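Whatever order the structure lists ligands and atoms in, that order sets their numbers, starting from 1. Here the structure is a predicted model, which is why all the values come from computation and not from measurement.
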Amino acid sequence: MQEVLNQLRELSNNLYWTWNNDFMAIMEEINGDFWKWSSKNPVKFFEAIDKQYLFDIIEKKNLRYRIHNLYRDYRKYITSKETYFEKKYYKTDKPEICYLSAEYGLSKSLKFYSGGLGTLSGDHLKSASDLGIPLVAVGLAYSHGYFRQIITDDLHQSELYEQSDFNSMPMKLVLDEEFRPVKISIDLPGRKLYAQIWQLNIGRIKLYMLDTFVDENTVDDKRITDILYGGDVEKRILQEILLGIGGMRVLEALGIEPKAFHINEGHSAFLTFERIKNKIVNDKVSFREAKDICYYSNIFTTHTPVPAGIDIFPRWMFEKYFGAYAAEELKVDFHTLFAEGNNLYGQSAGDGFNMAYLAINNSNFINGVSKLHGEISRKMWKLPETRTQIDSITNGVHTKTYLSWVSDKVYARNFGKDWIEVEDVWQKIAQLPDEELWILRNLNRKKLVEFVRGRIIDKEKLLHESEDKIAGAKKLLDENALTIGFARRFATYKRGTLILRDIERLHKLLDDKDRKIQLIFSGKAHPRDDGGKNYISEILKFASSNGFKKNIVFIDNYDMEVAKRLVSGCDIWLNNPRRPLEASGTSGMKTIANGGLNFSILDGWWVEGYAEDTGWKIQSLDNEEGYSDEQVNEFESKSLYETLENEIIPMFYDRNEAGLPVNWIKKMRGSISKLAPVFNTGRMVREYHEKFYSKVK
Ligand SMILES: *Cc1c(COP(=O)(O)O)cnc(C)c1O
């Protein structure tokens with residue numbers, strides 16, 4: 001029995017379990033309520049569970065064999081010599097690429113992310129692990145992370161920041177030989193900033209996260225890593241100094257010497273300074289020479305198509321933190337250093353220091369995250385012809401992370417438990433019989449309906465609502481109705497309320513008893529984004545008015561778990577950003593392998609993904625033509641309604657004698673066979689490797 005417990009503990013401490021449905025199923029079977037109580041954090045789960053109870057359940061439910069198998073699969077995965085990298089390149093134990101990001105979305109209970117940028121970073125690491133890419137990652141360990149969304153009685157979003165207990169999470173403090181925490185330090189005006197380091201294991205990949213909550217620091221400095229994307233500009237620069245400069249020092253402290261550095265969005269671009277500093281010290285070269293050498297091994301991925309989305313620090317603030325650093329460490333005059341983030345081939349950042357300029361000025365390889373975004377970026381930043389131009393590598397998702405248990409089981413039943421390794425598996429899945437694909441869809445939708453009901457019932461019980469109300473929640477949604485999902489951050493450009501623009505028209509659709517549809521929304525607005533918060537209120541008010549509670553719901557506190565449920569359960573994944581503001585978008589990619597279909601504006605990745613036989617598009621008006629917001633919203637919402645009324649709803653309800661929507665299933669086939677093999681991070685990370693990482697000498 002001790003052996004089983006050891007295996008479970010080892011499994012818990014590697015985030016391999018975050019993309020393993022079997023592991024999660026075993027946790028459910030041991031005790032579903034307890035699993036929920038732990039916020040789906042297995043370390044906390046096994047710490048708190050009574051061991052005798054655990055042993056009894058394992059025996060009673062015959063789980064021992066399944067746990068052994070899971071453990072064996074895990075060991076095989078971790079030690080495999082058959083990875084893409086090792087087969088194509090060579091064998092190495094040393095990390096060669098360092099990846100830096102301000103947020104990582106790895107699992108619901110690790111609250112180090114706010115949205116798509118985070119899940120993309122997390123997925124990047126998971127796929128780097130799958131492929132055996134020798135990569136190490138650096139980030140910040142936010143003690144309170146991103147907020148938990150609470151919906152108040154008057155239908156507004158409020159925010160609650162909850163402290164995480166790192167000691168009960170799948171992460172370990174990095175210790176030296178004397179078991180003392182390894183710490184790095186950075187000189188700040190009048191003081192030193194210290195940080196300890198947490199290690200997370202993501203399959204084969206190690207992620208190191210900096211944490212300023214240590215005794216040596218002042219109260220204010222301890223709080224540098226409390227929350228993600230909160231506080232004022234000064235806190236922001238401190239976080240970015242920690243990530244970029246501190247990140248480099250983590251590698252040094254641990255004896256890691258990567259040859260390439262991947263700056264994922266501008267937040268970590270101060271790294272370029274620290275690399276130059278190291279070169280100056282080690283090779284006795286000038287600032288200019290050091291900069292020219294480091295340039296060739298920096299990679300910068302930009303994620304925003306609008307200048308307003310970029311961090312710009314006031315000159316005085318930059319001077320406060322980098323004045324001494326320029327003179328003493330980099331041996332360069334302040335103006336030269338300031339120009340790194342102020343001047344981009346003649347484009348000026350006004351009086352500020354622009355983190356994207358800094359990254360671009362210091363990276364040979366630059367890319368946008370979809371083809372369209374690549375084009376926009378090339379227009380936004382006109383680089384001289386003498387240098388490498390801005391490329392694009394379209395985002396992806398780590399397929400297994402968002403694949404439901406149902407989808408996993410259906411594929412395993414047809415192609416064996418290692419179905420994802422089968423050659424051309426998506427073509428084969430697309431050739432499954434109509435019945436099988438329809439079962440996949442119906443079961444996924446049913447699970448989602450159960451999940452939504454469960455969430456609402458839990459909340460009502462917590463609020464001691466009446467039995468009537470709780471009984472009502474049990475009837476919420478319909479497991480056979482066409483289910484449309486919209487869930488993502490409520491940034492205003494994503495226009496969460498576009499579908500509410502013509503309420504009359506929407507009522508007609510929602511009222512149709514023969515061709516039922518239902519809408520599920522979810523998403524958080526940034527605490528300071530009043531526009532986004534108003535959108536949420538608007539949806540909540542609409543949902544609670546006119547007895548529409550049954551087929552329109554808003555699920556509070558959107559996170560990776562809610563995302564996985566929604567992308568697998570919804571038939572239609574709706575996305576209607578204001579083009580071209582969605583650099584890529586990834587949530588729509590998560591629905592593909594679960595048999596959901598995309599219905600979106602042709603923006604970001606959908607420009608590449610859309611075809612007649614893969615999903616639907618919403619016609620858009622381009623910003624450049626000088627239309628007003630009103631005109632654009634009017635035109636695009638009309639296209640949205642028309643497509644729903646004339647194409648999507650009729651196709652879903654057009655059934656043959658056997659009750660199957662044959663044309664719908666045909667679209668599922670197109671989507672699965674054409675999109676699933678492309679819009680995943682396996683393809684994406686390979687592309688990063690082939691275009692960039694492997695080019696660095
Ligand atoms: C995938 C994901 C996102 C990104 O959604 P987009 O529609 O691409 O903006 C945001 N939040 C969570 C929790 C996700 O899983």
J.: State whether the side chain of Y641 and the backbone N or O of D502 hold a donor-acceptor pair below 3.5 Å, judged by distance alone.
T.: yes
J.: For Y16, which residues count as a ring-ring contact (aromatic ring centres under 6.0 Å, His included) partner, sequence neighbours excluded?
T.: W19, Y74, Y77
J.: Hey, what do you get for CD (E634) to OH (Y627), rounding to the nearest 0.5 Å?
T.: 13.5 Å
J.: Using side-chain hydrogen bond (donor to acceptor under 3.5 Å, both in side chains) as the criterion, list what pairs up with T399, not counting sequence neighbours.
T.: none
J.: Contacts table for ligand 1: protein N or O within a distance under 3.5 Å of ligand N or O, distances only.
T.:
| residue | atom | partner | partner atom | Å |
| --- | --- | --- | --- | --- |
| ligand 1 | 7 (O) | R488 | NE | 2.9 |
| ligand 1 | 7 (O) | R488 | NH2 | 3.4 |
| ligand 1 | 7 (O) | S587 | OG | 2.5 |
| ligand 1 | 8 (O) | T586 | N | 2.6 |
| ligand 1 | 8 (O) | S587 | N | 3.2 |
| ligand 1 | 9 (O) | K494 | NZ | 2.6 |
| ligand 1 | 15 (O) | K590 | NZ | 2.6 |

J.: If the condition is side-chain hydrogen bond (donor to acceptor under 3.5 Å, both in side chains), which residues does E159 pass it with, not counting sequence neighbours?
T.: Q157, K533
J.: Both conditions, 6.0 Å and 45 degrees, for the charged tip of K44 above the ring of W37: are they met here?
T.: yes
